[in-house]
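Data block below; observations after.
Hydrogens, waters and symmetry mates play no part in the numbers below; they use all other heavy atoms, side chains included.
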Amino acid sequence: MKIHELSPAPGSNRPVKRIGRGPASGQGKTAGKGHKGQKARAGRGMNPGFEGGQMPLQRRLPKRGFNNIFAKEIAIVNVAALDAAFEDGAVIDSAALIEKGLVKKELDGIKVLAHGELTKKFTVKAHAFSAEAKAKIEAAGGTAEVIE
């Protein structure tokens with residue numbers, strides 16, 4: 001096959017609709033714009049939310065809530081998930097958590113929470129721990145290291 005032998009798939013290239021080119025096209029005379037009015041004029045411009053001068057919906061509805069653009073987004077993981085996913089004596093850091101699928105991304109940090117029971121001994125390295133989670137890890141004989 002040579003480059004001059006290539007052609008588009010049948011039906012993929014449609015002819016251009018030539019508006020306003022005589023009665024035979026079916027788009028002649030007013031060219032699908034009806035008779036007169038703002039929408040029939042050239043260069044008409046109305047934004048998508050325009051409602052004819054009525055107060056538009058996006059301005060009638062009340063603004064709600066607050067979005068703090070400076071808030072840190074923390075990935076969380078529970079001690080029960082650590083207990084289920086890792087072997088006894090494992091060193092758990094952010095790379096290990098991502099590899100096991102317990103967190104998708106590190107985001108602005110990883111925090112370990114205390115939901116569930118912990119039966120194995122781990123060395124857990126995370127950005128933050130809840131007080132109860134730290135107590136559970138240390139009670140099981142492991143260590144909780146805070147990383148920056």
Given Met46 and Gln38, is the side-chain contact (heavy atoms from CB on, under 4.5 Å) satisfied, shown in steps? CA-CA 9 Å; Met46 286 187 291; Gln38 185 177 12; 3.7 Å; yes
Given the rule in the salt bridge (charged side-chain N to carboxylate O under 4.0 Å, His left out) test, do Arg59 and Glu51 qualify, once you have shown the distances and angles that lead to the verdict? CA-CA 11 Å; Arg59 292 190 58 200; Glu51 295 185 23; over 6 Å; no
Given side-chain contact (heavy atoms from CB on, under 4.5 Å), test Val124 with Val91 step by step and report yes or no. CA-CA 6 Å; Val124 186; Val91 176; over 6 Å; no
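Going from atom CD1 of Ile137 over to atom OG of Ser130 covers 8.0 Å, rounded to the nearest 0.5 Å. Summarising the geometry, atom NZ belonging to Lys125 is positioned 8.0 Å from atom CD1 belonging to Ile147; distances are rounded to the nearest 0.5 Å. Note that CG of Leu82 and NZ of Lys136 are 11.5 Å apart. Values are rounded to the nearest 0.5 Å. Considering CD of Glu117 and CG of Asn78, their distance stands at 11.5 Å, rounded to 0.5 Å. Between the OG atom in Ser94 and the CG atom in Leu107 there is a gap of 11.0 Å [rounded to 0.5 Å]. With rounding to the nearest 0.5 angstrom, the NZ atom of Lys134 is 14.5 Å from the CG atom of Leu113.
Looking only at distances, no side-chain donor or acceptor of Asp88 sits under 3.5 Å from a matching main-chain atom of Lys120. Looking only at distances, a side-chain donor or acceptor of Asn47 sits under 3.5 Å from a matching main-chain atom of Phe50. The main-chain N or O of Lys39 is never found under 3.5 Å from a side-chain atom of Arg41 such that the two would form a donor-acceptor pair.
Of all heavy-atom pairs spanning Val103 and Ala75, the tightest one is CG1-CB, 4.0 Å. Taking every heavy atom of both residues into account, Ala80 and Gly116 meet most closely at CB-CA, 3.7 Å. Scanning all heavy atoms of the two residues, the minimum distance from Lys29 to His35 falls at NZ-CE1, 3.0 Å. A pairwise comparison of heavy atoms in Ala114 and Ala133 identifies CB-N, 3.4 Å as the closest pair.
Linking ILVMFWY side-chain heavy atoms closer than 4.5 Å, directly or via other members, places Val146 and Leu118 in a single hydrophobic cluster. A continuous path of ILVMFWY side-chain contacts below 4.5 Å connects Ile92 to Ile98, so both sit in one hydrophobic cluster. Residues Ile110 and Ile74 are members of separate hydrophobic clusters, defined by side-chain heavy-atom contacts under 4.5 angstrom among Ile, Leu, Val, Met, Phe, Trp and Tyr.
Residues Lys72 and His127 form no side-chain contact, since every pair of their non-hydrogen atoms from C-beta on lies 4.5 Å or further apart.
Applying the side chain to side chain contact (heavy atoms under 4.5 Å, CB included) rule to Thr143 yields the partners Thr123, Glu145; only residues at least two apart in sequence or on another chain are considered.
Geometrically, Lys100 engages Phe86 in a cation-pi contact, judged by NZ or CZ lying under 6.0 Å from the ring centre and within 45° of the ring axis.
Using a cutoff of 4.0 Å between basic side-chain nitrogens and carboxylate oxygens, Glu138 and Lys121 are not scored as salt-bridged.
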